[in-house]
Amino acid sequence: MTLSEFIWDRLAHLSILGVFAAAAAVFLLVTGTQWGILVILLLFGGFLLLTVLFHDFLKCRSHIRELESVLKGLDQKYLFTECIPKPGSAYEQALFEMLRRAGRDMIERVSDARTATREYKEYIESWVHEIKTPITAARLICRNTDRETGRKLTAELAQIDNHVERALYYARAESPEQDFLVRRTALDTIAAESIERHRSLLIQNGVCIRTENLEPVVYTDGKWLCFILGQLLQNAVRYRNEHPLITLSARRAGSQVQLTVSDNGIGIPAHELSRIFDRGFTGTNGRLRGSSTGMGLYLCKKLADHLEIQMTVQSSEGQGTAVTLTFPAVTDHEHNAG
């Protein structure tokens, strides 16, 4: 609060006091009060009024700064009314009590929403683990069917499994601190695991995989990184061109490590690059292919942010796409771990 704002807020009261002072001055003049005495009375009254106003301004400004300090120190801002001191005047106390009741009602609603979200997340995770059993059983049954039918059913089951896994990580992304574990991780191990998980998809679509310089070690959650790479591989397969080739390569950039997944697919239109991480965005290619949910890259970016991995995309329409994951410096993690 500035002094001008304070004066403007009390302008109505000051106007009434001014009218009252003018009326009192006229009355004193009519009753024979000398000009000198009247001027002294007005100066003394004005000085007293300014002193009271300035003291009130300093008090209000100090109180506001105290409240701002309390609010700034709270991680959960909706607890503000529970943490500030009770005001002194009866009017302010009445307002304070109303605000506190409203705040408590909001806290209850937030608590209920968090409980519902947690229960939903637990249900999704439980459902995902349960649904994997019939998916595995169905894959075993496919082995007893003719080769062509089994191949088609296996491909569809792989798509179901990918959607199920995406649902699991979407639920986990809402409270990542309870699920991910950052540790020293070899890129070649994670890349091999991700490629193996999608081996059938890659083979069925005639995709050639090439790996280069994957020896570097990073600090990250291997399970989450494997999911991110899996989504990138699926995208590269979905938007492949003739003679599809996917390259996984790593290089050091100072104290950081960069992992790049590049393909020679159909690429992304330049005007859509800024939106590819938006939730539900499918783009021109996704609508043409008719198999995009717009959730893959959104989840990848969200999980990468939690892992402090910088994720960037370069693409040329008709030439291919390269997604680069820049990992934090290993030395920083070793220092934090120590």
Side-chain angles (χ1 to χ4, degrees), residues 75 165-166 168-170 172-198 202 207-237 245-265 267-268 270 272-279 281 295-316 319-338:
D75 292 331
E165 186 180 34
R166 194 177 296 124
L168 175 63
Y169 277 91
Y170 183 84
R172 287 177 174 175
E174 300 303 317
S175 54
E177 66 284 349
Q178 300 177 5
D179 184 67
F180 77 89
L181 177 63
V182 175
R183 61 176 60 181
R184 191 177 177 88
T185 304
L187 287 181
D188 54 358
T189 302
I190 299 301
E193 181 181 349
S194 182
I195 293 171
E196 178 60 27
R197 285 188 179 184
H198 298 83
L202 297 169
V207 178
C208 180
I209 293 288
R210 184 169 62 192
T211 60
E212 300 175 351
N213 306 321
L214 295 181
E215 297 83 7
V217 174
V218 298
Y219 273 88
T220 190
D221 184 292
K223 182 173 57 178
W224 284 33
L225 178 58
C226 187
F227 171 79
I228 293 174
L229 291 181
Q231 295 301 303
L232 298 180
L233 291 176
Q234 290 177 50
N235 277 358
V237 172
L245 170 66
I246 301 176
T247 303
L248 283 76
S249 60
R251 72 179 188 91
R252 298 191 181 276
S255 59
Q256 297 177 317
V257 173
Q258 292 183 331
L259 172 63
T260 301
V261 180
S262 59
D263 63 62
N264 61 346
I268 303 171
E272 295 180 354
L273 277 174
S274 61
R275 301 181 58 193
I276 59 175
F277 295 128
D278 293 349
R279 183 179 182 272
F281 178 72
M295 296 299 294
L297 286 178
Y298 165 77
L299 271 178
C300 288
K301 185 64 167 65
K302 193 167 186 177
L303 297 179
D305 289 343
H306 287 311
L307 293 172
E308 298 182 4
I309 297 174
Q310 183 182 359
M311 187 173 181
T312 56
V313 178
Q314 293 180 327
S315 184
S316 297
Q319 297 182 16
T321 301
V323 181
T324 300
L325 305 175
T326 303
F327 296 85
V330 173
T331 52
D332 293 342
H333 281 284
E334 289 178 341
H335 177 74
N336 294 334

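These values consider heavy atoms only, across backbone and side chains, with no hydrogens, waters or symmetry-generated copies. Counting from 1, the numbers follow the sequence of the chain as shown.
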Subject >> Which residues share a ring-ring contact (aromatic ring centres under 6.0 Å, His included) with F227, sequence neighbours left out >> reply: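 By the ring-ring contact (aromatic ring centres under 6.0 Å, His included) rule, F227 matches Y169.
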side-chain hydrogen bond (donor to acceptor under 3.5 Å, both in side chains) with [X]: which residues, sequence neighbours excluded?
{"X": "Q310", "answer": "none"}
{"X": "S315", "answer": "T321"}
{"X": "T260", "answer": "T324"}
{"X": "R251", "answer": "Q258"}

Excluding sequence neighbours, so at least two apart, what forms side-chain contact (heavy atoms from CB on, under 4.5 Å) with [X]?
{"X": "E193", "result": "I190, R197, C226"}
{"X": "N213", "result": "E215"}
{"X": "A191", "result": "L214, L248"}
{"X": "L168", "result": "E125, V128, R172"}

What distance do [X] atom [atom1] and [Y] atom [atom2] have between them, rounded to the nearest 0.5 Å?
{"X": "L202", "Y": "E196", "atom1": "CG", "atom2": "CD", "value": "10.0 Å"}
{"X": "Y219", "Y": "I309", "atom1": "OH", "atom2": "CD1", "value": "14.5 Å"}
{"X": "D278", "Y": "L297", "atom1": "CG", "atom2": "CG", "value": "10.5 Å"}
{"X": "S194", "Y": "Q234", "atom1": "OG", "atom2": "CD", "value": "8.5 Å"}
{"X": "L225", "Y": "L307", "atom1": "CG", "atom2": "CG", "value": "8.0 Å"}
{"X": "N264", "Y": "I246", "atom1": "CG", "atom2": "CD1", "value": "8.5 Å"}

Set of salt bridge (Lys or Arg N to Asp or Glu O under 4.0 Å) partners for [X], sequence neighbours left out:
{"X": "R166", "value": "none"}
{"X": "E212", "value": "R210"}
{"X": "D305", "value": "K301"}

Original post:
Testing L229, V323, V218 for side chain to side chain contact (heavy atoms under 4.5 Å, CB included) with L259, which one passes?
Top reply: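 The single option meeting the side chain to side chain contact (heavy atoms under 4.5 Å, CB included) with L259 is L229.
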Subject >> Any side-chain heavy-atom pair of H198 and I209 under 4.5 Å >> reply: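 They are not in contact (no side-chain heavy atoms under 4.5 Å apart), so the answer is no.
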Original post:
If we only count heavy atoms from C-beta on, is the D188 to T211 side-chain gap below 4.5 Å?
Top reply: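 A side-chain contact under 4.5 Å is absent here.
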Looking at every non-hydrogen atom in both residues, tell me the closest pair between [X] and [Y] and how far apart they are.
{"X": "V217", "Y": "R252", "value": "N-NH2, 4.4 Å"}
{"X": "M311", "Y": "C300", "value": "CE-CB, 3.6 Å"}
{"X": "D263", "Y": "A236", "value": "OD2-CB, 3.7 Å"}

Original post:
Distance-only, no hydrogens or angles: does the D221 side chain make a donor-acceptor pair with backbone N or O of W224 under 3.5 Å?
Top reply: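 Side chain of D221 to backbone of W224: a pair is present.
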